[in-house]
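All values below were derived from every heavy atom in this structure, side-chain atoms included, with hydrogens, water molecules and symmetry-related copies excluded.
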Amino acid sequence: MKNILLIILFMAGSCAFAQQTTEDTTKKNVIDTLKKDLLTVPDTVQHLRSKFASLIPPAALMGYGITSFYVKPLRKWDRYIYKEAQEHNIITNSSIEDYFQYAPVALVYGLNVVGVHGKNTFVDRTLIYVLSQGMLKLSLNVLKRSTHRLRPNELDRFSFPSGHTGTAFSGAEFMAQELSGNSPYYGLVGYAFATTTGVFRIYHQDHWFSDVVAGAGLGILATKGAYLLYPYIRNTLFRGKDKNDDQNLAPELKKKARRSAILLPSYQSGGFGVEFAMEL
């Protein structure tokens with residue numbers, strides 16, 4: 001287990017080192033980096049640069065989990081994996097997944113401190129993450145209380161879907177969205193932590209395989225949904241603050257050019273009339 005942790009952390013460190021050496025060989029002042037990121041007023045939010053087709057894979061994962069309630073072979077597969085996990089349990093009994101689920105998010109903010117900047121400023125990416133977690137937690141609460149699936153360890157009936165896995169994959173997608181523009185390896189590191197979290201939940205008998213698959217899909221959907229919705233929310237709230245804001249918005253959000261006109265009464269040379277003026 002220690003070897004796996006070292007490999008993953010080495011990959012993250014290598015990505016950060018490569019990013020710094022290829023783009024900026026000058027020494028960075030951590031204090032200045034933090035001030036710039038924390039005190040910069042958000043002026044634009046980039047839209048999710050992907051088509052709605054990107055929502056199909058996580059939706060399929062979620063669909064698999066839901067289908068397991070109605071298709072008996074999928075439930076047999078759940079029990080088979082559970083049995084195999086019991087017989088070949090090589091995972092430590094410590095609940096390390098309690099920490100792994102937050103690793104991708106911690107890496108995003110940690111790498112930013114050392115100078116690896118993401119897609120959005122601190123304020124915007126934090127609000128995006130809060131939005132994604134809000135949608136995720138609400139969905140998890142509704143599904144867990146409505147499905148009443150018994151956990152493999154029979155502790156309670158809140159097995160479906162896996163909350164730890166959902167949080168982990170939500171964070172992994174968050175890391176991919178923010179840092180994959182710097183290097184695709186950042187996304188791989190985040191998803192490595194998320195996958196490990198899901199595997200541990202199965203080995204520790206907290207969830208069935210279909211619970212973990214559904215949790216992964218739900219987590220990814222929550223983050224992708226937040227990145228799709230937030231630009232519209234953010235730019236609607238701040239529109240009109242700056243006359244140059246429109247140039248930073250996506251084409252569909254830009255204001256249409258408007259002409260203003262005014263009609264006023266007038267009095268000239270002893271006669272009444274009207275004056276018409278238009279701003280082009």
Roughly how far, to the nearest 0.5 Å, is CG of N89 from NE2 of H204?
7.0 Å
Applying side chain to side chain contact (heavy atoms under 4.5 Å, CB included), can you list everything that pairs with E154, at least two apart in sequence or on another chain?
L150
Which atom of S132 lies closest to which atom of T223, heavy atoms considered
CB-CA, 3.8 Å
Single-linkage hydrophobic cluster, 4.5 Å side-chain cutoff, F209 and I66 together
no
Using the side chain to side chain contact (heavy atoms under 4.5 Å, CB included) criterion, which residues pair with T147? Sequence neighbours excluded.
F69, F160
Could you tell me whether the side chain of N112 reaches within less than 4.5 Å of the side chain of F122, counting heavy atoms only?
no
What distance separates I220 CD1 from L136 CG, expressed to the nearest 0.5 Å?
11.0 Å
Would a distance-only check, ignoring hydrogens and angles, find a side-chain to backbone donor-acceptor pair under 3.5 Å from T195 to A192?
no
What I want to check is whether the side chains of Y109 and T126 have a donor and an acceptor closer together than 3.5 Å.
yes
Could you go through the side-chain contact (heavy atoms from CB on, under 4.5 Å) check for R201 and D211 one step at a time?
CA-CA 9 Å; R201 296 306 281 170; D211 299 337; over 6 Å; no
Atom pair CD/CZ of E84 and R79 - distance to nearest 0.5 Å:
15.5 Å
Decide whether L218 and Y64 are clustered together by the hydrophobic rule: side chain heavy atoms of Ile, Leu, Val, Met, Phe, Trp, Tyr closer than 4.5 Å, transitively.
no
Return yes if a side-chain donor-acceptor contact under 3.5 Å exists between K137 and T167, otherwise no.
yes
Is there a donor-acceptor contact under 3.5 Å linking the side chains of Y227 and E178?
yes
From N141 atom CG to F158 atom CZ, the distance as rounded to the nearest 0.5 Å:
8.5 Å
Hydrophobic clustering (ILVMFWY, side-chain heavy atoms < 4.5 Å, transitive) - are V123 and V116 grouped together?
yes
For the residue pair A168 and P104, what are the closest heavy atoms and their distance?
O-CG, 4.1 Å
K144 side, atom NZ; S159 side, atom OG - distance, nearest 0.5 Å
6.5 Å
Kindly work out whether a path of hydrophobic side-chain contacts (I/L/V/M/F/W/Y, heavy atoms less than 4.5 Å apart) joins L143 to V212.
no
Side chain proximity check, L107 to F193, heavy atoms < 4.5 angstrom:
yes
Main-chain N/O of D206 paired with R151 side-chain donor or acceptor, under 3.5 Å
yes
By side chain to side chain contact (heavy atoms under 4.5 Å, CB included) - contacts of Q86 (at least two apart)
Y82, Q205
Steps toward side-chain contact (heavy atoms from CB on, under 4.5 Å) verdict (S162, E97):
CA-CA 12 Å; S162 170; E97 65 267 30; over 6 Å; no
For residues S170 and Q133, report the shortest heavy-atom separation together with the two atoms involved.
OG-NE2, 2.9 Å
Quick one, L127 and I233 - any side-chain contact, counting heavy atoms below 4.5 Å?
no
Determine the minimum heavy-atom distance between A194 and F169, stating which atoms define it.
O-CE1, 3.4 Å
M62 and V213: same hydrophobic cluster, using ILVMFWY side-chain contacts below 4.5 Å?
no
Pairwise distance CG(L111) to CE(M175) - rounded to 0.5 angstrom:
5.5 Å
For N120 and Y129: C-alpha separation, side-chain torsions, deciding distance, then whether side-chain contact (heavy atoms from CB on, under 4.5 Å) applies.
CA-CA 11 Å; N120 296 295; Y129 181 69; over 6 Å; no
Kindly indicate, with the supporting measurements, whether the criterion side-chain contact (heavy atoms from CB on, under 4.5 Å) is fulfilled by D124 and R234.
CA-CA 9 Å; D124 280 326; R234 160 67 173 73; 3.5 Å; yes
Mind listing the closest non-hydrogen atom pair of A214 and P161 along with its distance?
CB-CB, 3.9 Å
Mind listing the closest non-hydrogen atom pair of P57 and A53 along with its distance?
CD-O, 3.5 Å
S95 side chain reached by H164 side chain, heavy atoms, under 4.5 Å
no
Donor on one side chain, acceptor on other, Q177 and E173, under 3.5 Å
yes
